[in-house]
**Student:** 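Here it is, the structure, as structure tokens.
Count residues from 1 along the sequence.
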Amino acid sequence: MQKKYFFGLLVGMGLICLASVALAFASFLGPPPYTGIIINKSSKDVSFPSQDSGAALIVPAGGNLEYIAWSREFNLLGYVADQPYFCRKIKIGNVKFPYHCKHYDFLAEIKSDRPAPSRQPLRKKPRVKRKPPKC
């Protein structure tokens, strides 16, 4: 009976040591490969699914969010009230985007949901030629 418990404890300690070694090597890998910024210029809070954990990341209205991507090409799909609201296909190249004194691999901007005001040309009044007065 004691041999079974001793063997179980030994295996558990071995797994703990293996996990701590894996975490130590993960810290040497450095930051994730691609970091970008999502800027929300709309009046709604937009949520995005995270690539690594599956959690929902929320970009507040008028705010921004640092987004970590693990692949060079991916679809960025944003939701408002569980409905698709924003979709952009991101391809990361060699260009860096400066924003608030940092350099990012990609930049996604969510524009306002209101349509742009239409520009109508000004109507010109017809020119009226005045007749000289009769004497």
**Student:** If I compare all heavy atoms of I92 with all of A69, which pair ends up nearest, and what's the gap?
**Tutor:** CD1-CB, 4.5 Å

**Student:** If hydrophobic clusters are built by linking Ile, Leu, Val, Met, Phe, Trp and Tyr wherever their side-chain heavy atoms come under 4.5 Å apart, do I39 and Y104 end up in the same one?
**Tutor:** yes

**Student:** Please determine whether residues L57 and F86 belong to a single hydrophobic cluster, defined as Ile, Leu, Val, Met, Phe, Trp and Tyr linked transitively by side-chain heavy-atom distances below 4.5 Å.
**Tutor:**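 Yes; F86 is reachable from L57 via cluster members.
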
**Student:** Under the rule for side chain to side chain donor-acceptor pair (under 3.5 Å), what residues qualify as partners of R72, not counting sequence neighbours?
**Tutor:** Y34

**Student:** At what distance, to the nearest 0.5 angstrom, does CH2 of W70 lie from OG of S50?
**Tutor:**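 Result: 9.5 Å between the selected atoms.
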
**Student:** Answer whether the closest heavy-atom distance between the side chains of L76 and Y67 falls below 4.5 Å.
**Tutor:** yes

**Student:** Write out all pairs satisfying salt bridge (charged side-chain N to carboxylate O under 4.0 Å, His left out) with one or both partners inside residues 74-90, taking only residues at least two apart or from two chains.
**Tutor:** none

**Student:** May I have the list of side-chain donor-acceptor pairs in residues 94-102 shorter than 3.5 Å, sequence neighbours left out?
**Tutor:**
residue, atom, partner, partner atom, Å
K96, NZ, D105, OD1, 2.5
Y99, OH, N64, ND2, 3.0
K102, NZ, E66, OE2, 3.3

**Student:** Tell me who clusters with L77, hydrophobic residues only, linked when side chains sit under 4.5 Å apart either directly or through other members.
**Tutor:** Y79

**Student:** Which residues, ordered by chain and number, are linked to I58 in its hydrophobic cluster, where ILVMFWY side chains connect at heavy-atom gaps below 4.5 Å, directly or through other members?
**Tutor:**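 In the cluster with I58 there is nothing else; it is isolated.
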
**Student:** Identify the two heavy atoms, one from V46 and one from G78, that lie closest to each other, and give their separation to 0.1 Å.
**Tutor:**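 Scanning both residues, the minimum pair turns out to be CG1-CA, 3.8 Å.
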
**Student:** In this structure, would I38 and I90 fall into the same cluster of hydrophobic residues linked by side-chain contacts under 4.5 Å?
**Tutor:** yes

**Student:** Applying ring-ring contact (aromatic ring centres under 6.0 Å, His included), name anything that partners F106, two or more places apart in sequence or on another chain.
**Tutor:** F74

**Student:** For A61 and S42, which heavy atoms make the closest approach, and how far apart are they?
**Tutor:**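 Of all heavy-atom pairs spanning A61 and S42, the closest is CB-O, 3.6 Å.
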
**Student:** Measuring from I110:CD1 to Y85:OH, what's the distance to the nearest 0.5 Å?
**Tutor:**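 Rounded to the nearest 0.5 Å, the CD1-OH separation comes to 7.5 Å.
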
